[in-house]
Amino acid sequence: MIPELIQSQRHYFSTNETKSVTFRKEALKKLKTELVLREQDIIDALFKDFKKPHFEAVVTETEIILAEINNTIKNINSWAKPKRVRASLLNFPSSDYIYSEPYGVTLVISPWNYPYQLALAPLIAAIAAGNTVVIKPSELTPNTSAIISSIVKKVFKPEHVTVVQGGVAISTELLNQKWDYIFFTGSVNVGKIVAKAAAPNLTPVTLELGGKNPCVIDETANVKLSAKRIVWGKFLNAGQTCIAPDYILIHESIKQSFYDAVKKEITSAYSERPELSEDYARIINSRNFDRLTKMLSNETCIIGGQTNAETQYIAPTLIDEPKLDSEVMKDEIFGPILPVISYKDDSKLETIIQKYDKPLSFYVFSTNSKKAKQLIQKFSFGGGAINDTIIHFTNNRLPFGGVGASGIGSYHGESSFSTFSHKKGIVKKGNWLDLPMRYAPYKGKLKLAKSALKWLS
Ligand code: NAD
C-alpha cells in the first residue's frame, strides 16, 4: 500500500498542479478553515494523550500553527516569486534569478511531545513550497494523530497529502522508499536511522533533533526573574520539550538564593501539590516514566522528587550537584528533572559544556551583556536566548534548528519555505554582445581573464 501511495503522489506531482501558487494558497486556506473548525477536538485529543493543559495546548500548539499558516498565506506570493539578484559583470549582459522549485514527494515524520504543532508546521511549509506530503505522526499520541489524519482526509486528495499512522515498523517501511525530501523531528538515534535510509538515494533531509541544553546563570543574574523564566521553560509540557533547559550551571555564590526562588516559583505556578494542578502535564508513557525515575535514585532532590507510576506523574524536581557520570547527566533528560551544578570559575563551564555534543539550545542568564555575548559566541548550538528560555522558538523570523548532533537544517517562517524548496540559480544572457575573452584559442588572453575574474566577479 505504501509504494502505491508514493507512486500516486509521484504521478500527481508530475501533473504540475501543485506548482501553481494560486493552488497552493487555496489549499492552505482550506486547511486553515478546517484547523480553526477542529480546534477544540485538537485540544481535547492533546489532553487525552498526556493531559496537556488547555493553556499550553492553545499557546504552544494550535495558536502557533494558526500564526504559521497565516504568515505563510500572507507571504507565499513573494516567497515563491523568482528573486532577481545582482548579475556578475563577468556574464555581461545578463539578468540573474533564483527560482524556488518544489522537491516533489516529501515525507514528514513527527514526534509526540508537541504532536500537533510538529506535524502541522512542516506540512504547511511543504504544501506552500508545492510538494506532495506523506505525514507519519507519532504512535504515542494516538488521539492527536487520529485528528490530524481526519483533518488531512477532509482537506486534501490522498495523492496530494496523506497521513500514514503507525509505529517503528511503518516508519521503517516509509523510510525504505525513495523520497525527494525527508523532514524528521525526533531523537538523535532515530535521526541517524533516517540519515542512513536517505543516503542511498541521496535524499536531502532536515533533522530536527535534541540534545543536552545548558543553562548558565552567572553571579550577576537577576535571580528571581531567572528562576521564574527557567521554571516556566523547564516545566512546560512537564519538561518534555526539545529546547527546555536540560541542566543548570550556576555561580556558587547565588545557588542557595536560586533554590529559594525556584521553590517559590513552582508553588506559585503549580501550587504546593503540582500533582493536583490542571496546569501540569504527565509523562507520555511508562517507558519514559521508568527512564526518568531511574535518574532520581541516589541523587539529592533538593526540590520535588515525588512520583506516581499510576498517573505517570513526576513532580517538578531539582537535583543538587549530580556527578557528571550519573544517569541524569548522561543523555538528554526530556522530563521535569533539572540538575544543578555550581561553578566558581569559567573554566569549569567550558569543561562541562564541551563534554557533550553540540546542543539544540543554550541559555545564559546574566546582566553582564558582554559576558553573555561572549558565551553565546564561544559555544556552538542550534539557537537560544539571553535572560530567558524557549522564546526564540516563537519568532518566525528566526530560523529554528540544530547543529552537529542536534540536527541538520532549520525552519519557521520563510526558512520553512526555503527548506522545502530547491533554489535554482538561473542566468538569462543577452545576445546583443558576446565578449570573446573566454573562448579558445586562449593564447594571449590569460592576463586579461585573470584581471576580469579579480575585478568583475
Ligand atoms: P523518536 O525519535 O523516538 O520518534 C520520532 C518519530 O520517529 C516517531 O514518529 C516514531 O514513530 C519514529 N520512530 C521511532 N523509532 C524509529 C525507528 N527505529 N525507525 C524509524 N522511525 C522511528 O522521538 P520522540 O520520542 O517521539 O520525541 C522525542 C525526541 O524528539 C527528543 O529527543 C526531542 O529532543 C526530539 N525533538 C526535537 C524537536 C526539534 O524541533 N528539534 C522537537 C521535538 C522533539
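Remember, it's 1-based here, ligands and their atoms both numbered in the order they're listed. Treat the numbers as computed from the prediction; the structure is a model and nothing was measured.
No more than 12 heavy atoms of other residues, nucleotides or ligands lie within 6.0 Å of NZ in K370, so this atom counts as exposed by the packing criterion. Residue K83 places its NZ atom among more than 12 non-hydrogen atoms of other residues, nucleotides or ligands, all under 6.0 Å distant. Within 6.0 Å of atom NZ in K153, 12 or fewer heavy atoms from other residues, nucleotides or ligands are found, so the atom counts as exposed in its surroundings.
Put simply, no part of G407 is less than 4.0 Å from ligand 1, judged by heavy atoms. In this structure, F400 is part of the shell of residues with a heavy atom less than 4.0 angstrom from ligand 1.
Evaluated by nearest non-hydrogen atom to atom 28 (C) of ligand 1, the leading choice among F184, Y114, F334 is F334. Residue V168 holds the heavy atom nearest to atom 17 (C) of ligand 1 of all those in L174, V168, N213, V194. The residue from G186, P359, A121 that puts a heavy atom closest to atom 29 (C) of ligand 1 is G186. The heavy atom nearest to atom 1 (P) of ligand 1, considering only S110, S187, A119, is found in S187. Between atom 14 (C) of ligand 1 and the options N285, T141, V190, the minimum heavy-atom separation is to V190. Proximity annotation for atom 39 (C) of ligand 1: of S406, C242, G401, C242 comes nearest, heavy atoms only.
Looking at K136 next to ligand 1, an N or O pair under 3.5 Å apart turns up. Between Y411 and ligand 1, no pair of N/O atoms sits closer than 3.5 Å. Not a single N or O atom of T185, backbone or side chain, sits closer than 3.5 Å to an N or O atom of ligand 1.
Using a cut-off of 4.0 Å between Lys/Arg side-chain N and Asp/Glu carboxylate O, E101 and K423 are scored as not salt-bridged.
Closest to atom 27 (O) of ligand 1, if we only count protein heavy atoms, is P111 CB, 3.4 Å. Ranking the protein heavy atoms by distance from atom 21 (N) of ligand 1 puts S171 OG, 2.7 Å first. The protein heavy atom nearest to atom 32 (O) of ligand 1 is E332 OE1, 2.7 Å. From the protein, the heavy atom lying nearest to atom 26 (O) of ligand 1 is W112 CD1, 2.9 Å.
Counting heavy atoms under 4.0 Å from ligand 1, residue L118 touches it through the side chain alone. When non-hydrogen atoms are compared, ligand 1 lies under 4.0 Å from the side chain of N113 (C-beta onward) but not from its backbone.
For F362 and F379, the distance between ring centers is under 6.0 angstrom. If you look at F183 and Y411, their ring centroids are closer than 6.0 Å. A ring-centre distance under 6.0 Å is found for F50 and W112. Between H412 and F393, the gap from one ring centroid to the other is short of 6.0 Å. The aromatic ring centres of H251 and F365 sit 6.0 Å or more apart.
Rounded to the nearest 0.5 angstrom, D320 CG and L338 CG are separated by 11.5 Å.
Using a 4.0 Å threshold on non-hydrogen atoms, atom 41 (N) of ligand 1 counts as touching the protein.
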